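Remarks on the structure that follows.
Just so it is clear, the model here is predicted, and its values are computed rather than measured.
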Amino acid sequence: MSASLEAKKLLVEEIKSKIQRAKSLTFVDYRGLTVEEDTKMRAAFRDAGADYKVYKNRLLLRALEECGITGLEGVLEGTSAVAFGFEDEVAPNKIIVDTIKNTQKMQIKGGVLNGQIIDVAMVEKLANIPSKEVLLAKLLFLLQSPVRGLAIALNAIAEKNN
(Lines give C-alpha, C1' and ligand atoms only; values in the text may rest on other atoms or scores of the structure.)
Protein backbone atom coordinates (compact mmCIF):
# COMPACT_ATOMS: atom_id res chain seq x y z
CA MET A 1 0.00 0.00 0.00
CA SER A 2 1.38 3.41 -0.92
CA ALA A 3 2.26 5.94 1.73
CA SER A 4 -0.16 8.44 0.17
CA LEU A 5 -3.09 6.02 0.39
CA GLU A 6 -2.22 5.17 3.98
CA ALA A 7 -2.05 8.88 4.87
CA LYS A 8 -5.47 9.42 3.29
CA LYS A 9 -6.96 6.53 5.28
CA LEU A 10 -5.57 8.00 8.50
CA LEU A 11 -7.04 11.39 7.59
CA VAL A 12 -10.45 9.83 6.90
CA GLU A 13 -10.28 8.14 10.33
CA GLU A 14 -9.44 11.51 11.94
CA ILE A 15 -12.41 13.14 10.19
CA LYS A 16 -14.72 10.26 11.19
CA SER A 17 -13.66 10.63 14.81
CA LYS A 18 -14.50 14.33 14.75
CA ILE A 19 -17.85 13.71 13.04
CA GLN A 20 -18.82 11.11 15.64
CA ARG A 21 -17.96 13.47 18.53
CA ALA A 22 -19.57 16.55 16.96
CA LYS A 23 -23.10 17.67 17.72
CA SER A 24 -23.14 19.79 14.57
CA LEU A 25 -21.20 20.33 11.35
CA THR A 26 -21.33 23.47 9.26
CA PHE A 27 -19.88 23.63 5.75
CA VAL A 28 -18.65 26.90 4.25
CA ASP A 29 -16.94 28.26 1.18
CA TYR A 30 -14.06 30.16 2.76
CA ARG A 31 -12.77 31.99 -0.32
CA GLY A 32 -11.68 35.56 0.17
CA LEU A 33 -10.72 35.44 3.85
CA THR A 34 -7.43 37.04 4.73
CA VAL A 35 -4.98 35.27 7.03
CA GLU A 36 -5.83 37.75 9.81
CA GLU A 37 -9.59 37.15 9.45
CA ASP A 38 -9.08 33.39 9.33
CA THR A 39 -6.85 33.44 12.43
CA LYS A 40 -9.39 35.51 14.37
CA MET A 41 -12.20 33.15 13.34
CA ARG A 42 -10.20 30.04 14.31
CA ALA A 43 -9.49 31.55 17.74
CA ALA A 44 -13.24 32.11 18.21
CA PHE A 45 -13.84 28.45 17.32
CA ARG A 46 -11.25 27.29 19.87
CA ASP A 47 -12.80 29.51 22.57
CA ALA A 48 -16.23 28.00 21.82
CA GLY A 49 -15.02 24.39 22.04
CA ALA A 50 -15.34 23.93 18.29
CA ASP A 51 -12.93 23.10 15.49
CA TYR A 52 -12.59 24.51 11.98
CA LYS A 53 -10.70 22.62 9.29
CA VAL A 54 -10.19 22.54 5.57
CA TYR A 55 -10.27 19.02 4.15
CA LYS A 56 -10.40 17.69 0.63
CA ASN A 57 -14.03 17.23 -0.35
CA ARG A 58 -13.51 13.62 -1.39
CA LEU A 59 -12.01 12.67 1.99
CA LEU A 60 -14.75 14.52 3.85
CA LEU A 61 -17.46 12.79 1.80
CA ARG A 62 -15.85 9.39 2.42
CA ALA A 63 -15.78 10.00 6.19
CA LEU A 64 -19.38 11.24 6.19
CA GLU A 65 -20.54 8.19 4.23
CA GLU A 66 -18.71 5.86 6.63
CA CYS A 67 -20.59 7.62 9.47
CA GLY A 68 -23.90 7.02 7.67
CA ILE A 69 -24.43 10.60 6.46
CA THR A 70 -25.11 10.79 2.73
CA GLY A 71 -26.53 13.35 0.33
CA LEU A 72 -23.93 16.10 0.70
CA GLU A 73 -22.24 15.62 -2.67
CA GLY A 74 -23.79 18.83 -4.04
CA VAL A 75 -22.83 20.79 -0.92
CA LEU A 76 -19.19 19.73 -0.91
CA GLU A 77 -18.10 21.14 -4.25
CA GLY A 78 -15.43 23.78 -4.76
CA THR A 79 -13.55 25.19 -1.80
CA SER A 80 -14.97 23.81 1.43
CA ALA A 81 -14.21 24.01 5.10
CA VAL A 82 -16.08 22.39 7.97
CA ALA A 83 -16.77 23.65 11.48
CA PHE A 84 -17.29 20.94 14.10
CA GLY A 85 -19.45 21.90 17.09
CA PHE A 86 -18.37 19.63 19.93
CA GLU A 87 -19.78 21.37 23.00
CA ASP A 88 -22.54 23.59 21.63
CA GLU A 89 -24.55 22.89 18.49
CA VAL A 90 -25.09 26.54 17.59
CA ALA A 91 -21.71 28.09 18.49
CA PRO A 92 -20.03 27.32 15.13
CA ASN A 93 -23.02 28.73 13.25
CA LYS A 94 -22.90 31.95 15.29
CA ILE A 95 -19.17 32.35 14.63
CA ILE A 96 -19.58 31.76 10.90
CA VAL A 97 -22.55 34.14 10.55
CA ASP A 98 -20.70 36.80 12.59
CA THR A 99 -17.60 36.39 10.41
CA ILE A 100 -19.70 36.72 7.26
CA LYS A 101 -21.35 39.89 8.64
CA ASN A 102 -17.97 41.41 9.60
CA THR A 103 -16.02 40.47 6.47
CA GLN A 104 -18.70 40.24 3.75
CA LYS A 105 -16.80 37.11 2.67
CA MET A 106 -17.43 33.36 2.89
CA GLN A 107 -20.64 31.57 2.10
CA ILE A 108 -22.55 28.98 4.09
CA LYS A 109 -23.12 25.76 2.14
CA GLY A 110 -25.16 23.74 4.63
CA GLY A 111 -24.65 21.54 7.63
CA VAL A 112 -25.48 18.54 9.76
CA LEU A 113 -27.25 18.76 13.11
CA ASN A 114 -27.40 15.61 15.24
CA GLY A 115 -26.95 13.43 12.15
CA GLN A 116 -29.58 15.24 10.03
CA ILE A 117 -28.66 17.36 7.01
CA ILE A 118 -29.74 21.00 7.31
CA ASP A 119 -29.85 23.74 4.69
CA VAL A 120 -28.39 27.25 4.71
CA ALA A 121 -31.60 28.79 6.09
CA MET A 122 -31.57 26.43 9.08
CA VAL A 123 -27.89 27.19 9.76
CA GLU A 124 -28.77 30.90 9.85
CA LYS A 125 -31.77 30.26 12.13
CA LEU A 126 -29.56 28.31 14.53
CA ALA A 127 -27.09 31.20 14.56
CA ASN A 128 -29.86 33.52 15.78
CA ILE A 129 -30.73 31.37 18.80
CA PRO A 130 -29.49 33.05 22.00
CA SER A 131 -26.53 31.45 23.71
CA LYS A 132 -27.02 28.72 26.29
CA GLU A 133 -26.13 31.14 29.10
CA VAL A 134 -28.73 33.69 27.96
CA LEU A 135 -31.41 31.01 27.69
CA LEU A 136 -30.58 29.70 31.17
CA ALA A 137 -30.72 33.23 32.60
CA LYS A 138 -34.16 33.76 31.03
CA LEU A 139 -35.38 30.44 32.40
CA LEU A 140 -34.10 31.30 35.88
CA PHE A 141 -35.87 34.67 35.74
CA LEU A 142 -39.13 33.00 34.68
CA LEU A 143 -38.84 30.48 37.50
CA GLN A 144 -38.07 33.18 40.08
CA SER A 145 -40.86 35.52 38.99
CA PRO A 146 -43.82 33.64 40.58
CA VAL A 147 -41.86 33.02 43.78
CA ARG A 148 -40.93 36.69 43.95
CA GLY A 149 -44.57 37.70 43.43
CA LEU A 150 -45.65 35.35 46.21
CA ALA A 151 -43.02 36.77 48.55
CA ILE A 152 -44.17 40.35 47.84
CA ALA A 153 -47.83 39.39 48.44
CA LEU A 154 -47.00 37.63 51.71
CA ASN A 155 -44.92 40.58 52.84
CA ALA A 156 -47.80 42.97 52.04
CA ILE A 157 -50.20 40.84 54.08
CA ALA A 158 -47.77 40.73 57.00
CA GLU A 159 -47.33 44.54 56.92
CA LYS A 160 -51.09 45.08 56.74
CA ASN A 161 -51.64 42.96 59.86
CA ASN A 162 -49.03 44.93 61.83
May I have all residue pairs that pass ring pair (Phe, Tyr, Trp, His ring centres under 6.0 Å) and include part of residues 100-153, sequence neighbours excluded?
none
Should M106 and V82 be regarded as members of a common hydrophobic cluster, given that ILVMFWY residues are connected when their side-chain heavy atoms come within less than 4.5 Å of each other, either directly or indirectly?
no
Partner of V90 by side chain to side chain contact (heavy atoms under 4.5 Å, CB included), out of V123, V97, L126
L126
Across all chains, not counting sequence neighbours, the salt bridge (charged side-chain N to carboxylate O under 4.0 Å, His left out) partners of E14 are K18
Treat each ILVMFWY residue as a node, draw an edge where side-chain heavy atoms are under 4.5 Å apart, and state whether L25 and I129 are in one component.
no
Taking all non-hydrogen atoms of both residues into account, name the closest pair between G110 and V75 and its distance.
N-CG1, 4.4 Å
What pairs meet the ring pair (Phe, Tyr, Trp, His ring centres under 6.0 Å) rule with one or both residues in residues 41-74, with sequence neighbours excluded?
F45-Y52
Taking I118 as the starting point, is it possible to reach I100 by hopping between hydrophobic residues whose side chains are less than 4.5 Å apart?
yes
Please say yes or no: joined through hydrophobic side-chain contacts below 4.5 Å, possibly via intermediate residues, are L113 and F86 part of one cluster?
no
Going by side chain to side chain contact (heavy atoms under 4.5 Å, CB included), name the residues that satisfy it together with K56, two or more places apart in sequence or in a different chain.
L59
Going from CG on N57 to CZ on R62, what distance comes out if it is rounded to the nearest 0.5 angstrom?
13.5 Å
Residues 89-101 vs side chain to side chain donor-acceptor pair (under 3.5 Å), sequence neighbours excluded, gives T26-N93
List for me each residue that meets salt bridge (charged side-chain N to carboxylate O under 4.0 Å, His left out) alongside E66, sequence neighbours excluded, and say none if there are none.
K16
Residues at least two apart in sequence or cross-chain that pass side chain to side chain contact (heavy atoms under 4.5 Å, CB included) with I69, listed by chain then number, are I19, L64, L72, V112, I117
Testing the basics here: between A50 and G85, what is the closest heavy-atom pair and its distance to 0.1 Å?
CB-CA, 4.4 Å
ILVMFWY network linking V54 to I96, side-chain heavy atoms under 4.5 angstrom:
yes
The complete set of side chain to side chain donor-acceptor pair (under 3.5 Å) pairs with one or both residues in residues 33-43, sequence neighbours excluded, reads T34-E37, E37-K105, D38-R42
With sequence neighbours left out, which residue pairs that include part of residues 107-129 fulfil the side chain to side chain donor-acceptor pair (under 3.5 Å) condition?
S80-K109
Taking only residues two or more places apart in sequence, or in another chain, which ones meet A44 in a side chain to side chain contact (heavy atoms under 4.5 Å, CB included)?
I95
If you take all heavy atoms of I15 and L60, which pair is closest and at what distance?
CG2-CD1, 3.6 Å
Report the C-alpha distance between D88 and K23 in whole Å, list the side-chain angles of each, state the deciding distance to 0.1 Å, and finish with yes or no for side chain to side chain contact (heavy atoms under 4.5 Å, CB included).
CA-CA 7 Å; D88 185 1; K23 295 178 180 180; over 6 Å; no
Could you pull out all residues at least two apart from R31 that satisfy salt bridge (charged side-chain N to carboxylate O under 4.0 Å, His left out)?
D29
Minimum heavy-atom separation for F27 and G111, please, with both atom names.
CD1-CA, 3.8 Å
Got a sec: does the CZ of R21 have more than 12 other heavy atoms crowding it under 6.0 Å?
yes
